[in-house]
Amino acid sequence: MGKLLIVGSVAFDAIETPFGKTDKILGGAAPFIGLAASQFDVKSAIVSIVGEDFPQEYLDLLTSKGIDISGIEIVKGGKTFYWKGLYHNDLNTRDTLVTELNVLGDFKPVVPDDYKNAEVVMLGNLHPSVQMSVIEQMEKRPSLIVLDTMNFWMDNALDELLDVIKHIDVITINDEEARQLTGEYSLVKAAKKIFTMGPKYVVIKKGEHGALLHFEDQIFYAPALPLEEVFDPTGAGDTFAGGFSGYLGATKNMSFNNLKNAVIHGSNLASFCVERFGTERMKNLERSEVNKRLHQFKSLTQFDIKL
């Protein structure tokens, strides 16, 4: 069985959308990544930090899904990272109302010994220096290092970000971030410029319009499944990353053709995430539901044409 190392925030989120709002609930990149990856036959561990205020029931949820939490540091007397956001009517734009780093501000990740040889490393959206320190702790070069980042680090830690990008295999960013990172409006040109920075693969997420996988001169497009109900987009990108990296960790096949499958699995799982607030949909997701929707993805894109 393959091993997947997940590094990312574990947090409290408070969310308001046109369809309702929540008080503090489980959030952060790592739980979404871990819950999505738990759909596959892969051993996974989360490296993160929380405060003493973090409920045991959330930790129990992660362990119930087979996720190793020995790398989650609990700071006595500390407070867990907290984010509060308000989504606009189109659900594509949001306002951050509160960001409290709390213990995450002093996060120094420690990779568990049993995962220093993980085949796949999923670096969730964190300060690039934190991501780099994880790479440096690995005993050997993983088969695949996947990096997620955002425009905040491009604005505030660009040099460190570019240094990390030299050491990874896959970068996952959205279309706006790809344009900011490269200065190119065309996403094809943007991907080509990112290749010169180090990665072999570039995944550009386009929200409700799917995702693009770039490799050399080849492009694969995965649509987003049209849904009757989109409730809360929080964590959809991290769920995509969890499905993507979890599938690759389980199959141990890092070819372009298999990365295409990984993009579809990531998109498929993200389509469930948005149907409820936070992790609510993902924590009870059945494999039969996942497989049924995979067939919908296949029928959405499959056609016969004579050429």
A quick test of your reading: do over 12 heavy atoms of other residues, nucleotides or ligands sit less than 6.0 Å from [atom1] of [X]?
| X | atom1 | value |
| --- | --- | --- |
| K3 | NZ | yes |
| K79 | NZ | no |
| D90 | CG | yes |
| K116 | NZ | yes |
| D23 | CG | no |

Close side-chain approach of [X] and [Y], heavy atoms under 4.5 Å:
| X | Y | result |
| --- | --- | --- |
| S267 | L225 | no |
| D232 | T22 | no |
| H167 | L147 | no |
| M282 | K65 | no |
| I264 | K298 | no |
| N102 | D53 | no |
| F244 | V263 | yes |
| R276 | E229 | yes |

T251, N253, N257 screened by side-chain hydrogen bond (donor to acceptor under 3.5 Å, both in side chains) with S255, the one that passes: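 Running side-chain hydrogen bond (donor to acceptor under 3.5 Å, both in side chains) over T251, N253, N257 with S255 returns exactly one hit, N253.
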Euclidean distance, D238 CG relative to L35 CG, rounded to 0.5 Å: 11.0 Å
Distance-only check: which donor-acceptor pairs under 3.5 Å involve side-chain atoms of residues 125-140, not counting sequence neighbours?
residue	atom	partner	partner atom	Å
N125	OD1	W153	NE1	2.7
H127	ND1	S129	N	3.0
H127	ND1	S129	OG	2.9
Q131	NE2	G124	O	2.9
Q131	NE2	D148	O	3.1
S133	OG	V130	O	3.0
Q137	OE1	V111	N	2.9
Q137	NE2	P109	O	2.8
Q137	NE2	S133	O	3.3

Using the ring of each side chain (for Trp, its six-membered ring), is F277 parallel, tilted or perpendicular to F231, with breaks at 30° and 60°?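 Perpendicular.
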Go through the steps for T182 and M197 under the test side chain to side chain contact (heavy atoms under 4.5 Å, CB included), then give the verdict. CA-CA 10 Å; T182 63; M197 300 174 186; 4.3 Å; yes
Under the side chain to side chain contact (heavy atoms under 4.5 Å, CB included) criterion, do T99 and F152 qualify, and how do the steps go? CA-CA 13 Å; T99 300; F152 180 83; over 6 Å; no
Pairing of [X] and [Y] as salt bridge, 4.0 angstrom limit:
| X | Y | value |
| --- | --- | --- |
| E275 | R293 | yes |
| K200 | D169 | yes |
| R94 | E16 | no |

Decide whether Y87 and T234 meet the rule of one side-chain donor and one side-chain acceptor closer than 3.5 Å. yes
Does a side chain donor of either S70 or D68 reach within less than 3.5 Å of an acceptor in the other side chain? yes
List for me each residue that meets side-chain hydrogen bond (donor to acceptor under 3.5 Å, both in side chains) alongside N89, sequence neighbours excluded, and say none if there are none. none
In F297, F240, Y247, the residue satisfying ring-ring contact (aromatic ring centres under 6.0 Å, His included) with H265 is Y247
Judged by atom type as modelled, is there a donor-acceptor pair below 3.5 Å linking the side chain of R281 to the main-chain atoms of C273?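 Pair absent, no side-chain N/O of R281 close to backbone of C273.
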Before giving the answer on side chain to side chain contact (heavy atoms under 4.5 Å, CB included), spell out for D175 and L187 the whole-Å C-alpha distance, their side-chain angles and the decisive distance to 0.1 Å. CA-CA 7 Å; D175 45 2; L187 295 179; 4.0 Å; yes
